Amino acid sequence: MRSIISVLLENEAGALARVVGLFAQRSYNIESLTVSPTNDVTLSRMTITTEVDCKATLEQMMKQLHKLVDVLRVSELTEGAHVERELLLLKVRTTNAETRQEVKRTCDIYRGQIVDITQSLYTIQLTGSGSKLDAFVATMDETSEIVEVVRSGVCGIARGDKALRG
Amino acid sequence: MEMLSGAEMVVRSLQDEGIEHIFGYPGGSVLDIYDAIFQSDKIEHYLVRHEQAAVHMADAYSRSTGKVGCVLVTAGPGATNCITGIATAYMDSIPLVVLSGQVPTFWIGDDAFQETDMIGVSRPVVKHSFSCRTAEEIPIAIKKAFYIASTGRPGPVVIDLPKDVQNPLNKFPYEYPESVSLRSYNPTLSGHKGQIKRAVTALTSAKKPVLYVGGGAIIANASEQVLALAEKLNLPVTNTLMGLGAFPGEHKQFIGMLGMHGTYEANKSMHNADLIFACGARFDDRVTNNVEKFCPNAKIMHIDIDPTSISKNIHADLPIVGSVEVVLQQMLDLMEETKATNDSESINAWWDQINEWRAKDCLAYKTSDTHIKPQQVIECLYKVTKGDAIVTSDVGQHQMVAAQYYPFKEPRQWINSGGAGTMGFGLPAAMGCKIAHPDRPVVCVTGDGSIQMNIQELSTCMQYNIPVVILLLNNRSLGMVKQWQKMFYGGRQSHSYMDSVPDFVKLSEAYNHIGIKVDTIDELEPALVRAFELKERVVFVDVAIDPEEHVYPMQVKFGSMEDMYLSKTERTDA
Ligand SMILES: Cc1ncc(C[n+]2csc(CCOP(=O)(O)OP(=O)(O)O)c2C)c(N)n1
Ligand SMILES: [Mg+2]
C-alpha cells in the first residue's frame with residue numbers, strides 16, 4: 001500500500017542523512033522524498049512517499065522515524081483527507097509549428113505553463129498529483145520528443161484543522 | 001567568565017559532567033585534548049592497546065555501574081577501530097560517549113591525512129552524533145551527548161572534534177550547562193494509566209503467566225520491582241541472556257534463561273503460557289525461535305521504553321511504553337490500592353506443571369574420567385567465588401555455559417555482549433569492571449578463539465595493574481562453530497579448529513602476569529582458589545576442557561520455543 005509520511009525535524013546537519021540511512025538500513029522503500037526548511041528556519045519539513053506491505057510495517061517505520069533524536073513529529077497523510085502535489089518540469093523538442101501548437105494545446109488542457117522557449121525547445125511547468133503528471137508526460141511523449149523530465153517528488157499536507165507543528 | 005580553549009573545554013566539560021575515568025588512545029588530531037588531560041588531575045585516563053578495547057572497557061564500566069562510559073580516540077583509524085565496540089554497545093543499549101578527533105574543518109572533504117567521515121561510518125550504530133564546528137559548541141554538545149546517551153533507551157553517542165576547533169591558542173568563554181532539554185527528544189517514563197489498569201487485570205487473571213525479563217530491567221534498575229511483583233503473585237520468572245541477574249538466579253521462582261540455549265522448563269513454560277509479560281526484553285530471534293510458532297496460546301504484554309521494540313517481532317496485545325522500573329511500580333501501587341491478586345489455585349497448578357518440566361533436570365551432564373567438562377569449570381568458579389564475582393564473557397560455548405551454570409544473584413554482575421555477540425569483548429570488559437569495582441573479584445570467562453581477539457590488553461593490565469582473573473575454557477577450537485558444523489554440516493569442520501593455540505601460561509608471563517595450566521579435574525579448584533587469592537595480580541587460568549562437549553539444551557531451528565535438542569542423542573517430541 002502507498003503511504004505518504006510527513007516528518008517535522010530539526011534543520012540540522014546530518015538530519016537528512018539519518019532519515020535516509022534509516023530507510024536504507026531497514027530496507028524500507030522510498031519512492032520520493034522532499035525536504036526544505038519551514039517558516040521556522042530551525043525546522044525542516046519532509047514528505048516521504050513509500051510502498052509498504054502492511055500496516056505493521058508502516059507503524060514500525062513511523063516509530064523508527066520518531067525514534068531519531070532530530071525528529072519532532074511524524075504523521076501519515078493518506079489515512080485522512082489531504083492534499084498532495086508534485087511539480088514537473090519538462091523539456092520537449094518541437095520541430096515544426098504544428099507540434100508546437102499541439103504542445104501548447106495539451107499544456108493548456110492540463111493547466112501547465114510554458115516557462116522557457118528556444119527555437120526548438122519548450123520548457124513546461126506543471127503541478128498536480130503524481131498520476132496527473134504521469135498522464136501529462138505520456139501525452140507529451142506521443143506529441144513531441146521529450147528531452148528532459150524532472151519531478152520534485154510529492155509534497156503533502158492534511159486538509160482541515162489538522163496540522164504538523166513544532 | 002573563564003576563558004578556555006576548545007581542547008580545555010573538552011576536558012573541563014567531562015570533569016563537570018562528573019567523569020572520572022576515560023579510556024582511549026592518542027593521535028595527531030587529539031593531541032591538544034591529550035595535553036589538556038595531562039594538565040588535569042581529575043580525570044584518570046587508561047591507555048589501551050587497541051581502540052576497540054577502549055570502547056569495550058568503557059562499555060563494561062557502564063554496564064557494571066550504570067554510569068556513562070567515555071572514550072577518546074584520534075581520527076581515521078583510531079575512530080574506525082572503535083566501530084565494533086560502538087556497535088556492541090548499541091545492540092545492548094549501553095550509554096557511551098565516544099569523542100573522536102577529526103582533521104581540521106578547512107580540510108574536511110579533501111581526503112586529508114587520516115580523514116574518515118566518522119559521523120557517516122558510525123551512523124547506523126549510534127543513538128546520535130554531533131560534529132563540533134566551533135569551540136563554543138563543545139560544552140553544549142557534550143552535555144547533550146551525555147543526556148541522550150543515558151536517557152530513554154540508552155546508547156552510544158559520537159562527538160566528532162576537528163583539530164582546529166581544539167586549538168589551545170584560541171580561548172573562549174566557558175560555561176557548562178546545568179541542564180539541557182531537546183524539543184525533539186522526550187522519552188516516556190511512566191506508563192499510560194489505562195494500560196496499567198488493563199495490565200494488572202490481565203496479569204492477575206492469568207492462569208499460566210510467565211514473567212519474561214530482559215536487559216531493559218537491568219538498565220532501568222528495576223530488579224526490586226521485578227522481585228516484588230513476582231513474589232506477590234508467585235509468578236515464574238525467566239531471564240534473557242541480557243537479563244541474567246535482574247531476578248536472583250537462585251530464587252525458587254527462577255526457571256532459568258530462555259531461548260536458544262535456555263532451560264527446558266523456561267522454554268516449555270513460555271510455549272505453554274497463557275500470558276507472557278515481557279519487561280525490557282525485545283523478542284529477539286535468539287529467544288523466540290520461529291515467530292510463526294511462537295507461544296500460540298499466550299496473550300502478550302510488553303513494557304519497553306523504546307516504542308520500536310514493541311510489536312516489532314511479536315505483536316503485543318497490551319503494549320506499555322515506559323521505563324520498566326516506573327511501570328512496574330505503577331502496577332504494584334495499583335495492586336496495593338485495589339488489593340488485586342490472582343487465583344493461587346490455578347497458579348499452583350501451573351507450578352505443578354513447571355516443576356514436572358524442571359524435574360527433567362536439563363542441565364545435568366555426564367562427567368568423564370579423561371576430560372574436564374566446561375560445566376564443571378563454571379560450577380567450580382561459582383563455588384570458589386561464592387557466587388559473588390562479576391563475570392564477563394566472550395562469545396561462544398563458554399559464554400553459554402557461564403550463563404547456564406553460574407546463577408547470578410544481582411543485576412550488573414553478568415557482563416556479556418548479547419546483541420552483537422562480539423568475540424574479544426570479555427577481557428577489556430573485565431578490565432572496565434575491575435576499574436569500576438576495584439574491591440570485587442572480576443573474572444573473564446573466555447574461549448581460546450575469543451581471548452586472542454583482544455589479548456594485547458594484557459599489556460594494559462600490566463601498565464595499570466588491573467588484577468582480573470582470566471578463565472579460559474580451552475577446547476582448542478571455535479567450539480560454537482564446530483558444534484554447528486557437527487550438527488548441521490555433516491561434521492565438516494571448516495576452519496573451526498585452531499592448530500596453533502599459543503602457550504597461554506608463557507604468554508601471560510611475558511606480560512608479567514601469572515599463568516596456571518589446568519589439565520585434570522583435581523587441579524581445577526586449587527588453581528581457582530589461588531587465582532582469587534592473588535588479589536593484586538592478573539591470573540590467567542588455562543583449563544583444558546573436553547573439545548567434544550556441546551551446549552544443550554538447544555532449540556531446533558525453525559521450530560517453536562519448546563522444540564529442543566536436549567543432548568547429542570535426545571530431542572523433544574516434534
Ligand atoms: C568477532 C566475531 N567473529 C566471529 C564470530 C562467530 N563466532 C561465534 S562463536 C565463535 C567461536 C568462538 O570460539 P571460542 O572463543 O574458542 O569459544 P568456544 O565456542 O570454543 O567456547 C565464533 C567464531 C563472532 N561471534 N564474533
Ligand atoms: Mg574454543
Side-chain angles (χ1 to χ4, degrees), chain A residues 3 5-28 30 33 35-46 48 50 52-76 163-166, chain B residues 87 90 93 105 108-109 117-134 137 140-141 144-145 147-149 151-160 162 180-188 282-283 291 304-316 319 321:
Chain A
S3 285
I5 304 174
S6 287
V7 184
L8 198 65
L9 71 169
E10 295 288 348
N11 181 13
E12 263 176 27
L16 172 63
R18 285 189 191 101
V19 172
V20 175
L22 169 68
F23 273 70
Q25 198 179 327
R26 301 201 177 257
S27 78
Y28 297 149
I30 300 184
L33 184 154
V35 59
S36 75
T38 64
N39 55 330
D40 174 350
V41 291
T42 67
L43 290 175
S44 291
R45 168 78 174 246
M46 191 180 270
I48 303 167
T50 176
V52 291
D53 49 7
C54 63
K55 193 133 198 272
T57 311
L58 176 65
E59 248 164 53
Q60 183 62 213
M61 195 183 272
M62 291 176 61
K63 288 199 280 188
Q64 290 288 355
L65 277 166
H66 206 202
K67 187 175 168 179
L68 295 174
V69 170
D70 298 316
V71 171
L72 269 84
R73 306 257 182 278
V74 182
S75 91
E76 209 286 328
L164 203 64
R165 260 188 299 227
Chain B
Y90 181 72
S93 315
T105 50
I108 289 178
D117 172 15
M118 181 57 175
I119 298 293
V121 171
S122 64
R123 190 180 303 114
V125 292
V126 295
K127 181 169 175 184
H128 199 62
S129 45
F130 294 94
S131 182
C132 294
R133 297 304 166 109
T134 63
E137 294 166 42
I140 182 74
K144 282 182 182 171
Y147 171 65
I148 292 169
T151 51
R153 179 178 181 173
V157 176
V158 163
I159 306 181
D160 200 46
V180 67
S181 84
L182 293 153
R183 60 180 169 183
S184 59
Y185 174 76
N186 295 294
T188 308
R282 60 187 175 90
F283 296 90
V291 291
D304 208 296
I305 201 160
D306 175 6
T308 70
S309 284
I310 297 177
S311 295
K312 179 172 62 185
N313 300 336
I314 298 289
H315 174 76
V321 176

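The figures here come from the full heavy-atom set of this structure, side chains too, leaving out hydrogens, waters and symmetry mates. Below, read A as the first sequence line, B as the second, and so on, with proteins coming before strands; counting in each chain starts at 1. In this text the structure is predicted, and so the values were computed from the model without any measurement.
- Using a 4.5 Å cut-off between heavy atoms, B:Arg153 touches chain A through its side chain atoms alone.
- At a threshold of 4.5 Å between non-hydrogen side-chain atoms, the residues A:Lys63 and B:Val321 do not count as touching.
- When every heavy atom of B:Ser184 is checked against every heavy atom of A:Leu72, the shortest pair comes out as CB-CD1, 3.4 Å.
- Both the backbone and the side chain of A:Val69 come within less than 4.5 Å of a heavy atom in chain B.
- Neither the backbone nor the side chain of B:Ser131 comes within less than 4.5 Å of any heavy atom in chain A.
- If you measure heavy-atom distances from B:Asp306 to chain A, the contacts under 4.5 Å come from the side chain alone.
- Side-chain contact between B:His128 and A:Arg18 is present, with at least one heavy-atom pair separated by less than 4.5 Å.
- Residues forming a side chain to side chain contact (heavy atoms under 4.5 Å, CB included) with A:Asn11 (at least two apart in sequence, or on another chain): A:Pro37, A:Ser44.
- Side-chain N/O atoms of A:Arg26 and B:Thr308 include no donor and acceptor closer than 3.5 Å.
- The side chain to side chain contact (heavy atoms under 4.5 Å, CB included) search around B:Ile140 returns B:Lys144, B:Pro177, B:Val180, not counting sequence neighbours.
- The heavy-atom pair separating B:Ile310 from A:Gln60 by the smallest distance is O-NE2, 4.3 Å.
- Among A:Ala17, A:Gly21, A:Gly166, the residue with the largest count of heavy-atom pairs under 4.5 Å with chain B is A:Ala17.
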